[in-house]
Amino acid sequence: MAKVPKPEQLVNIDHKPPAKPWMDMPVKFEEGMWCYAAKPESLEAVGLPNPRKWSPEEEDWKLPENWKEVIFEGLRERLEKYRSLRIFMDICVRCGACADKCHFFLGTGDPKNMPVLRAELLRSIYRKEFTVAGKLLGKMAGARELTEDVVKEWFYYFFQCTQCRRCSVFCPYGIDTAEITIIARELLNLLGCNIEWIASPVANCYKKGNHLGIQPHALKDMVEMLADDIEDVTGIRVEPTFNRKGAEILFIPPSGDVFADPGIYTFMGYLMLFHEIGLDYTLSTYASEGGNFGSFTSHEMMKRLNAKMYAEAERLGVKWILGGECGHMWRVVHQYMNTMNGPADFLEEPVSPITGTKFENAKSTKMVHIVEFTADLIRNNKLKLDPSRNDHFRITFHDSCNPARAMGLFEEPRYIIKNTCNYFYEMPEETIREKTFCCGSGAGLNAEENMVMRMKGGLPRANAVKYVHEKYDVNTLTCICAVDRAALPTLMNYWVPGVSVSGVHELVGNALIMKGEKQRTTNLRGEPLLRTEDGGDV
Amino acid sequence: MGMGLSALLVIALVLLAFLGVQVAGLQFLFGVVIPYAAFFIFLAGVVYRIVKWAQSPVPFRIPTTCGQQKSLPWIKSNKIDNPASTAGVIARMALEVLFFRSLFRNVRAELKDGPKIVYTWEKWLWLAGLLFHWSMLLVIIRHLRFFADPIPSFVKVISSVDGFFEIGLQHIYVSGIILLLAVTYLFIRRVAIPQVRYISLLSDYFPLLVIFTLALTGILMRYFMRENVVAVKQLALGLATFNPTVPEGISVLFYIHLFLVSVLFAYFPFSKLVHMGGIFLSPTRNLPNDSRARRHINPWNYPVEVHSYEEYEDEFRQVMKAVGIPVEKE
Ligand code: HEM
Ligand code: SF4
Ligand code: SF4
C-alpha cells in the first residue's frame with residue numbers, strides 16, 4: 001500500500017498548468033495514484049482478452065502484437081455504435097467550463113484531470129485516425145500518433161475518473177466525460193488492461209453472484225447474524241427468506257451492505273422495515289449483487305452481470321423487483337437494464353402492497369428504488385417513527401453521483417431523513433444535488449493501493465462536510481450508496497475526523513417503532529441512545 | 001504555438017485577398033468563384049457531418065439529470081432540468097440553445113488556505129458567449145438585405161431596431177460593435193486564463209481571429225471607408241440569383257471581408273464550429289429521463305454470454321441444500 005502523506009502536505013496543490021504542452025508531457029505513474037493490474041485468472045473467468053501477469057510500473061505491458069489495430073478497430077466500431085461518442089469527439093469548443101468541476105482536477109492540479117483534457121487524450125487519437133484535418137495537420141490540429149505511451153496515459157487517467165458526470169452538468173453541450181471514460185476503458189479492456197479491483201469483483205459476481213464471491217450458505221449465515229443483532233436491539237426476530245418461489249417481491253441490495261461496516265446497519269434497516277410492514281419478499285443468492293462492476297469495464301460486461309436480475313425474478317415468479325441503496329447499481333438499473341435485458345413482460349407494473357401506490361415511473365423496468373418505496377410508506381402514515389432515537393446523529397446528506405445525475409433522486413431520501421431524524425443540515429449548494437461531489441473512489445477505484453488518489457479526489461466532498469461539521473457540529477454523513485459507505489469513512493478519517501457514515505435505512509431502522517419491540521437502549525450500532533428531555537422513548 | 005500560428009494564418013489570408021485583388025486583379029475569383037466554392041463546401045460538409053452523426057444510433061437513454069426526477073405524485077419534479085416528457089425536453093433544449101442554460105450554472109472553484117475550497121460567481125463566459133452568438137445572428141440576418149430585393153420586412157425591422165442609436169446622421173448597429181467586443185473578450189480570456197490557454201489549439205484561436213477580423217473590416221467599411229453599397233448589393237444579388245457579375249467601384253477591403261467569410265464557411269464543417277448542429281443531437285440533453293417508464297430500444301442489442309442459474313445451482317447445490325435454500329433439482 002502506498003504511503004499517504006499528511007493532509008497538510010496533500011493540500012499543496014498547484015492548479016497552474018506547466019509550461020510544456022500536454023502532448024509533450026509523458027505520463028508519470030506517481031505513488032498511490034494508480035491501481036494494480038488485473039490478474040490473469042480474473043480476466044480468464046469471464047473470457048476477457050489478453051490475460052497475463054503484468055504491472056503498470058514495468059516497461060513492457062505485454063500488449064498483443066496487433067494492439068494498434070485492435071484499438072483502431074475498437075474505436076471505429078464504437079463510433080458507429082454510439083452517437084454520444086461521435087458527437088462528443090466532434091463538438092467540444094474547449095471553453096474550459098468543465099475544468100474546475102472535476103474533483104480530481106481540484107484535488108491534484110494535474111491538467112490531464114481537467115475533463116476536457118481527459119477527453120482530448122482520446123480525441124487526439126480520433127483526430128489522427130478519423131479526421132482529414134488531423135491526418136493532414138497532425139499536432140497543429142490537436143492530433144497525435146497512437147503509441148504505447150498513449151495507452152499508458154489512458155490507463156493512468158481513465159482509471160482516475162470516477163464516471164461521476166459532474167462535468168457533464170456544466171458543459172454547454174452536455175459532453176459527458178464519463179461516457180468517454182466508459183468507452184476508453186472498453187478499449188483498454190480489449191488489450192487486457194484492466195485493474196484488479198474491478199476485474200476481480202466482475203469475475204466473482206459472474207460466477208458466484210456477488211463481488212466478494214460469497215457462497216450461498218455463507219451469505220445466508222451473514223444475514224442470519226444481522227438478524228441476531230436486530231433481535232439483540234429490538235427483541236424481534238426477523239426472518240428473511242432466500243430464493244423463495246412465489247414471493248411477491250425480489251429484493252436486491254448491493255452485497256456490500258451484507259458484510260461491511262457500516263453498510264450492515266443499513267441492511268438491518270431494510271430487514272426491520274420489511275418485517276414491520278409484513279412485506280412478502282425474498283432475497284436471492286444467485287442475484288445477490290445489485291452493484292455492477294461490469295459497468296466499469298464495458299457495456300457488454302455490464303449487460304452480462306445485470307442479466308441475473310431479470311432472470312432470477314422470472315425464475316422465482318415474483319411480481320416486481322425492489323432495489324437497495326446503491327449508486328452505480330441504479331445507474332445501470334435506471335438507464336440501461338430495460339434496454340439491455342428487457343422487456344420484463346413476465347413481471348407486473350410495481351404497486352406497493354402496503355399503500356396501493358402505483359410506481360408509474362418504474363412501470364416498464366418494474367424495479368423500484370427502496371428510497372422511493374419507503375418515502376411512499378411514510379407519506380401514507382404506514383410507519384410509526386421516533387426520530388429522537390437518531391438524536392445522536394447530526395446529519396448531512398451526500399448525494400451519490402449516479403442517483404443524482406443519472407436519475408434525479410433528490411427529494412425522496414431527504415424526505416425520509418427529515419422524518420426519521422431531528423438534526424439535518426445541508427452542505428453548501430454548490431456541492432449537493434446535481435452539483436454533488438464524488439467520494440473520489442467511485443467507478444471501481446476504491447482500492448487500497450491508490451489511496452493518495454482517493455484522498456485527493458475526495459477533497460472537495462470532504463471540504464463541504466468539514467464546513468457543516470464546523471458550523472453545525474454535523475457528525476454523520478448519510479448516503480444511499482454502498483461504495484460511499486465503504487469509501488467515505490476513510491475519507492472522513494483523513495480530512496474530517498469525527499464524522500461517521502451511514503445509510504438512509506439505518507436511520508429508518510433506528511427510528512422505526514416495531515410492534516412488540518422491547519424498550520430499545522441502543523441504536524443499531526450498539527451505541528447507547530441519548531435520553532430525551534421529555535423522558536419519552538429512551 | 002497555436003495562437004501565433006493562427007494569427008499568422010489570418011494575416012496571410014488577408015494579404016492573399018489584398019494581393020489577389022489589388023495586384024493581380026482577380027476580382028472574379030475572389031468575388032464569385034471562391035464564395036460559391038465555399039458555400040458548396042459548407043453545404044456538402046454540413047450534410048456529410050449530420051449524416052455521419054445520424055448514422056450512429058443512440059443505444060442508451062443517458063440524459064444528465066439536473067433536477068428532481070418525476071417519481072411519486074406528491075414530490076415536485078423539475079420538468080425542465082430533468083424532463084420526463086417531450087415537451088420538457090423541448091423546453092430544456094430551447095434553454096440550452098437560446099440561453100446557454102448549462103453554461104449559466106458555471107461557478108469558479110478555488111482552493112484557499114485552510115484548506116478551503118471556495119466557489120465564486122463566474123458568469124462572464126456565459127455573458128460574453130451569449131452576446132457573441134446573438135450579435136452574430138443579428139449581423140447575419142442584417143446581411144440578408146444584400147441578397148434580396150425588395151428587402152424582406154423582418155430584415156428591415158431587425159435592422160432598424162439594431163440601428164436605433166444614431167451618432168450624427170449615422171445609424172450605429174449595436175450588434176456589430178458588441179460582436180467585436182465579445183469576440184475580443186473571448187480571445188483575451190482564452191489567452192489570459194492559464195488552464196484555458198493550456199487546452200487551446202490552433203483551431204480554437206483561428207475562428208475567433210477570423211470573426212474578429214470580419215467584424216473589424218465590416219465596421220471599417222461601414223463607418224469609416226464608406227463602401228459603395230450599391231455595387232456590393234449588385235454583386236450579392238448576382239450571387240444569390242446565380243447570375244454573377246463583378247461591378248466596378250468595390251474596394252479591396254470588401255474583398256478581404258468576403259474572402260474571410262468564405263474561409264469561415266468552408267472551414268465550418270471540418271471544425272469545432274459544428275457544435276451548432278451537435279448541440280441538438282447531444283444524448284445527455286435531448287432525451288427525456290423516462291427510461292424506467294418506457295423502454296428505450298437499442299437497435300444493435302445483441303445476446304451475450306451469461307452464467308445461468310442452472311450452472312450456478314450445479315456448482316452450489318450441496319451447500320444450498322445443507323442450509324435449506326430451495327433448489328430446482330434435488
Ligand atoms: C445553434 C447555434 C449555436 C449555439 C447554441 C452555440 C453555442 C455555443 C456555446 C454554448 C459556446 C461556448 C461558450 C462560448 O464560448 O460562447 C460556443 C462557443 C463558440 N461558438 Fe457557438 N453556438 C452556435 C452557433 C455558432 C456559430 C454559427 C458559430 C460561428 C460561425 C459559432 C462560433 C463559436 C465559437 C468561435 C465559439 C468559441 C468561443 C471561444 O473560443 O471562447 N457558434 N457556442
Ligand atoms: S465544458 Fe464542454 S465544450 Fe467546454 S471544454 Fe468542457 S467538454 Fe469542451
Ligand atoms: S466524470 Fe467526474 S471524474 Fe470523470 S472527468 Fe467528469 S468530473 Fe472528472
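Everything numeric in this text was worked out from a predicted model, so none of it was measured. The figures here come from the full heavy-atom set of this structure, side chains too, leaving out hydrogens, waters and symmetry mates.
Options Pro172(A), Gly109(A), Ala307(A), Gly96(A) differ in how many heavy-atom pairs under 4.5 Å they form with chain B, and the most are formed by Pro172(A). Among Ala406(A), Ala218(A), Ala464(A), Gly174(A), the residue making the largest number of heavy-atom pairs under 4.5 Å with chain B is Gly174(A). Residue with the most contacts toward chain B among Lys435(A), His334(A), Lys363(A), Met340(A): His334(A) (heavy-atom pairs, distance under 4.5 Å).
Applying the salt bridge (charged side-chain N to carboxylate O under 4.0 Å, His left out) test to every pair with at least one member in residues 87-98 of chain A, sequence neighbours left out, gives these pairs: Asp90(A)-Arg49(B), Arg94(A)-Glu120(A), Arg94(A)-Asp204(B).
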Between side-chain atoms of residues 321-330 of chain B and protein atoms elsewhere (two or more places apart, or another chain), which donor-acceptor pairs fall under 3.5 Å?
residue	atom	partner	partner atom	Å
Glu328(B)	OE1	Lys245(A)	NZ	3.1
Glu328(B)	OE2	Lys245(A)	NZ	2.8
Glu328(B)	OE2	Arg315(A)	NH1	2.7

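Interatomic distance, Ser56(B) OG to Leu79(A) CG, rounded to the nearest 0.5 Å: 7.0 Å. How far CE of Met114(A) is from CD1 of Ile199(B): 6.0 Å, rounded to the nearest 0.5 Å.
Residues of residues 118-125 of chain B that come closer than 4.5 Å to chain A, counting heavy atoms only, are Tyr119(B), Leu125(B), ordered by residue number. Scanning residues 185-197 of chain B against chain A with a 4.5 Å heavy-atom cutoff picks out Arg189(B), Arg190(B), Pro194(B), Gln195(B), Val196(B), ordered by number.
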Just do the side-chain hydrogen bond (donor to acceptor under 3.5 Å, both in side chains) check on Glu315(B) and Gln215(A) with the steps written out, would you?
-> CA-CA 10 Å; Glu315(B) 187 176 346; Gln215(A) 301 192 0; 5.6 Å; no

After noting the C-alpha distance and the side-chain angles of Glu411(A) and Gln69(B), does the key distance pass the side-chain hydrogen bond (donor to acceptor under 3.5 Å, both in side chains) rule?
-> CA-CA 9 Å; Glu411(A) 293 307 330; Gln69(B) 67 168 352; over 6 Å; no

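Salt-bridge formation is detected for the pair Glu372(A)/Arg292(B): a Lys NZ or Arg NE/NH1/NH2 atom is positioned less than 4.0 Å from an Asp or Glu carboxylate oxygen.
Ring pair His217(A)/Phe316(B): centre-to-centre distance not below 6.0 Å.
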